[in-house]
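Only one structure is covered here, and it is reproduced in the block below.
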Protein chains: 2
Amino acid sequence: MSADAEPAPVSAKPPVTLREVAAAAGVSVATASKALNGQGRMTAETRERIRETARLLGFRPNSLAQSLLRKRSFTVGLLTNDTYGRFSLPLMAGVSDALVDNGVSVFLCNVEDDTRLGQLHVEAMLDKRVDGIIATGKRIDRHLPVDLSNLRVPVVYAFTQPDPGAVGLVSDDAGGARLAVEHFVRLGRRRITHVSGPESFAVVHARAEACREVLQEHGLPTAEPLLGAWSEAWGHEAVAKLFGKAGREGWPDAVFCGNDQIARGVIDALRERGIRVPEDVGVIGFDNWEIVAEATRPPLTSVDMNLASLGREAGLALLSLVGGRAAVPGIRKLPCRLVVRQSCGSPPE
Amino acid sequence: MSADAEPAPVSAKPPVTLREVAAAAGVSVATASKALNGQGRMTAETRERIRETARLLGFRPNSLAQSLLRKRSFTVGLLTNDTYGRFSLPLMAGVSDALVDNGVSVFLCNVEDDTRLGQLHVEAMLDKRVDGIIATGKRIDRHLPVDLSNLRVPVVYAFTQPDPGAVGLVSDDAGGARLAVEHFVRLGRRRITHVSGPESFAVVHARAEACREVLQEHGLPTAEPLLGAWSEAWGHEAVAKLFGKAGREGWPDAVFCGNDQIARGVIDALRERGIRVPEDVGVIGFDNWEIVAEATRPPLTSVDMNLASLGREAGLALLSLVGGRAAVPGIRKLPCRLVVRQSCGSPPE
DNA sequence: ACGATTTGGGAAAAGGTTTTCTCAGAGAGA
DNA sequence: TCTCTCTGAGAAAACCTTTTCCCAAATCGT
């Protein structure tokens, strides 16, 4: 019989340890450690020899052992209840971006509005000695279904309701709304309306209020915002309400929408009525959800909440907290940005 | 002067260790460990006393120390290049679901089609001694921009191109297409066309081929699929091509679309032409992207790739690999599922 | 009552790294 | 030549838990 070929072992040999490097270089582990970390005193020749040996052997320090000793794991947890990631993913990208260069990895935990699951995840993260936690969600006026107020690690809240006294980062919804409405005003629009989501959302009020303020500042007529749902269907309905009444002169010439889906519905409904966008009516959305904003006809001008920046800031804030530097508690609002596409037209000559 | 109130320390006292529990219970750490893990021999009374002490003190074992010893970190990495998470997030949800009950946490790493970033993340994960890695992406016929073929830890590929000899899980696109076309046939549709994405995608061919097969099996006419982009705009264009020519009798009575955005475009374009959906033409999409499928008018019947299940399976497969049980290498295709809404009509009486 | 076995529990090593001490030898100053 | 100060490097503790081995006391059998 021929000797059977050994099946390739699924897991290769164990990683090379500092002890092995030290042995290969003919020094003690202490010296090896110091050589690699630029600590201690030794001849440049010794240090270089050890470094070379480590390189040759492909040595990488065991992060677990380091963490155990340093009481710092270079690991943070990102807690979210935003299953589809509309908001958390851009945020996560920013967080990750801010942290990866510091060698920090991110545990993503979806708690799904389930307290038990949240508890489970938080305990798992704590057991794994995360250096800190970033809490995020799908709306900024609700808590996650889990209590993070008395943890042994710092917590930063981003795009979710912070606990009192904690560090919170949210988008400046009022500012975003200003951006949109002022853009309309600048383009010469005069009858500007606001169609937004459910009354139960804090951002709905913040944006509506800012909208009203800007209109007043410019001496333009204000009307009650139309509140409904975050859906295309509501955009259609709203158009029916706004443009259903006869008398073209009463019609708005601009609609600022609470999100891009509403705006999409509004634009489609306007086209169905033969009302031209942007010639007759300008439309601005919110969220700058590119896949929607770019698919509307014409492409949608929209307010971007800069969630990636928000995530970056949250990551940096957490890093600073982890480093022992106290951060100013309270809610910090980060500016939005208007992404101009073609649903508003150009300024009058 | 009144004594200043001490500012609350940002980080509370360090976690309680096994040593402290042992001291409080008047036993050695060895005994304490055994008591808590159900190991060793001791009187039930002693064991219970230690357990109670631990509970009182809020002891939780340091996962880092455990991992160091067991050579198992209860941590896995999820590598993706799907920045917006259309595909990775449902998948991630499934993975997480499969793993959380085993106390396994997931590092989410977005590598963004950037080899350097990929390298960075993989090394960080390896340094942190992840038990395994799940690789995923935004299309199943492309590799991630990072080499995972000779890692010391098991790797499972889900919804991305696996390395040869590795374990790969993907959706059964051909099966999904069959589901859609057979649904049309069952409803009595006879002139069924296929509008899909760019030719460069493997799934485009798989689905088109399956589509052709089903039509042949039923003796129905086949036509070349229309290949374009994954966009609404292409859906509009395709309708122009299909329904532009005069002679209503040559028109299709069913359009199977390569994704929901195309389907959305198709439905909108049909309505604009006064062609009724589903009465005149049935439409089926792919991906079951709920936010799109539910916003089309009428709501879109669509093929769901069961990405959460895919994620679950990937998680379980990885767990099994980590546990040392060899898994069958090669690509396993998981079935799709047809989500029926209202864009196809009801079966004829 | 004496040896054999069981019982309850502790000591110590292991896991990989960092850091603080310690120490032998070398060079310098007198 | 004798002491003092560096210099280069190692020993060992520490981080926290698990597990193997070991030992004394108690129980059992005869």
Side-chain angles (χ1 to χ4, degrees), chain A residues 11 13-51 53-54 57-75 103 124 126-131 152, chain B residues 11 13-51 53-54 57-75 103 124 126-131 152:
Chain A
S11 42
K13 39 204 156 305
V16 14
T17 69
L18 185 59
R19 188 197 310 280
E20 300 175 78
V21 174
V27 297
S28 70
V29 287
T31 306
S33 171
K34 284 181 284 199
L36 296 176
N37 293 315
Q39 304 290 321
R41 288 175 318 197
M42 67 198 69
T43 52
E45 187 267 329
T46 304
R47 193 181 295 274
E48 196 42 54
R49 175 166 46 90
I50 296 174
R51 288 209 161 132
T53 309
L57 264 47
F59 169 75
R60 309 227 64 197
N62 184 332
S63 196
L64 259 30
Q66 292 182 317
S67 302
L68 189 57
L69 204 52
R70 305 202 230 227
K71 296 168 169 328
R72 172 93 200 271
S73 68
F74 288 88
T75 284
L126 255 26
D127 288 350
K128 284 170 182 135
R129 294 303 189 265
V130 290
D131 296 329
R152 319 183 262 76
Chain B
S11 43
K13 39 203 157 308
V16 14
T17 69
L18 186 59
R19 187 198 310 280
E20 299 175 78
V21 173
V27 296
S28 70
V29 286
T31 307
S33 172
K34 285 181 283 198
L36 297 176
N37 294 314
Q39 304 291 321
R41 290 173 315 196
M42 67 198 70
T43 52
E45 187 267 329
T46 304
R47 192 181 294 275
E48 197 41 55
R49 176 166 46 90
I50 297 174
R51 288 207 163 136
T53 310
L57 263 47
F59 168 75
R60 309 227 62 196
N62 184 332
S63 195
L64 257 30
Q66 293 181 316
S67 301
L68 191 56
L69 204 53
R70 306 201 230 228
K71 299 176 164 324
R72 172 92 200 271
S73 68
F74 289 87
T75 283
L126 255 27
D127 287 350
K128 282 167 183 136
R129 295 301 190 267
V130 291
D131 296 330
R152 317 184 263 76

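Residue numbers begin at 1 in each chain, while the letters A, B, ... track the order of the sequences.
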Residues which pass side chain to side chain donor-acceptor pair (under 3.5 Å) with [X], listed by chain and number, not counting sequence neighbours:
{"X": "B:Arg70", "result": "none"}
{"X": "B:Thr31", "result": "B:Ser28"}
{"X": "B:Arg60", "result": "A:Glu123, A:Asp127"}
{"X": "B:Ser33", "result": "B:Asn37"}

Between [N] ([atom2]) and [X] ([atom1]): distance, integer Å:
{"X": "B:Glu20", "N": "D:dC15", "atom1": "CD", "atom2": "C1'", "result": "13 Å"}
{"X": "B:Leu18", "N": "D:dT18", "atom1": "CG", "atom2": "C1'", "result": "9 Å"}
{"X": "B:Gln39", "N": "D:dT19", "atom1": "CD", "atom2": "P", "result": "6 Å"}
{"X": "A:Leu69", "N": "D:dC15", "atom1": "CG", "atom2": "P", "result": "9 Å"}
{"X": "B:Arg72", "N": "D:dT17", "atom1": "CZ", "atom2": "C1'", "result": "17 Å"}

Original post:
Does A:Arg49 use its side chain to pair, donor to acceptor, with the backbone of A:Ala25 at less than 3.5 Å?
Top reply: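 Confirmed, A:Arg49 side chain pairs with A:Ala25 backbone.
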
Original post:
Just to confirm, is there a sub-4.0 Å distance from OP1 or OP2 of D:dT18 to any side-chain nitrogen or oxygen of B:Gln66?
Top reply: yes

**OP:** Tell me whether the OP1 or OP2 atom of D:dC15 has a side-chain N or O from B:Asn62 closer than 4.0 Å.
**Re:** no

**OP:** Would you indicate what B:Thr17 reaches in the nucleic acid, counting non-hydrogen atoms under 4.0 angstrom: base, sugar-phosphate, or nothing?
**Re:** sugar-phosphate

Original post:
Can you name the residues that form a salt bridge (Lys or Arg N to Asp or Glu O under 4.0 Å) with A:Arg47, not counting sequence neighbours?
Top reply: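 Expected list: none.
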
Subject >> Residue list, salt bridge (Lys or Arg N to Asp or Glu O under 4.0 Å) with B:Arg129, at least two apart or on another chain >> reply: none

All N/O contacts under 3.5 Å from nucleotides 9-11 of chain D to the protein, with atom names and distances to one decimal?
| from | atom 1 | to | atom 2 | distance (Å) |
| --- | --- | --- | --- | --- |
| D:dA9 | OP1 | A:Thr46 | OG1 | 2.8 |
| D:dA9 | OP2 | A:Thr43 | N | 3.2 |
| D:dA9 | OP2 | A:Thr46 | OG1 | 3.3 |
| D:dG10 | OP2 | A:Ser28 | N | 2.9 |
| D:dG10 | OP2 | A:Ser28 | OG | 3.1 |
| D:dG10 | OP2 | A:Thr31 | OG1 | 2.5 |
| D:dG10 | O6 | A:Lys34 | NZ | 2.9 |

**OP:** Have a look at the helix from C:dA1-D:dT30 to C:dA30-D:dT1 and give the angle its two end axes make, five pairs each, rounded to 10 degrees.
**Re:** 60°

**OP:** Look at atom CZ of B:Arg72 and say whether more than 12 heavy atoms of other residues, nucleotides or ligands are closer to it than 6.0 Å.
**Re:**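 Result for CZ/B:Arg72: enclosed.
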
**OP:** Quick one: list whatever passes side-chain contact (heavy atoms from CB on, under 4.5 Å) with A:Thr75, sequence neighbours left out.
**Re:**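 Partners of A:Thr75 by the side-chain contact (heavy atoms from CB on, under 4.5 Å) criterion, ordered by chain and then number, come out as A:Ser73, A:Phe107, A:Val130, B:Phe107, B:Lys128.
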
Subject >> All side-chain contact (heavy atoms from CB on, under 4.5 Å) counterparts of A:Ala24, not counting sequence neighbours >> reply: A:Thr53, A:Leu57

**OP:** Only pairs at least two apart or in different chains count here, so list each salt bridge (charged side-chain N to carboxylate O under 4.0 Å, His left out) that has a residue in residues 29-38 of chain A.
**Re:** none

Subject >> Contact interval (first through last nucleotide) of DNA chain C with protein chain A, 4.0 Å heavy-atom >> reply: C:dG16 to C:dT20

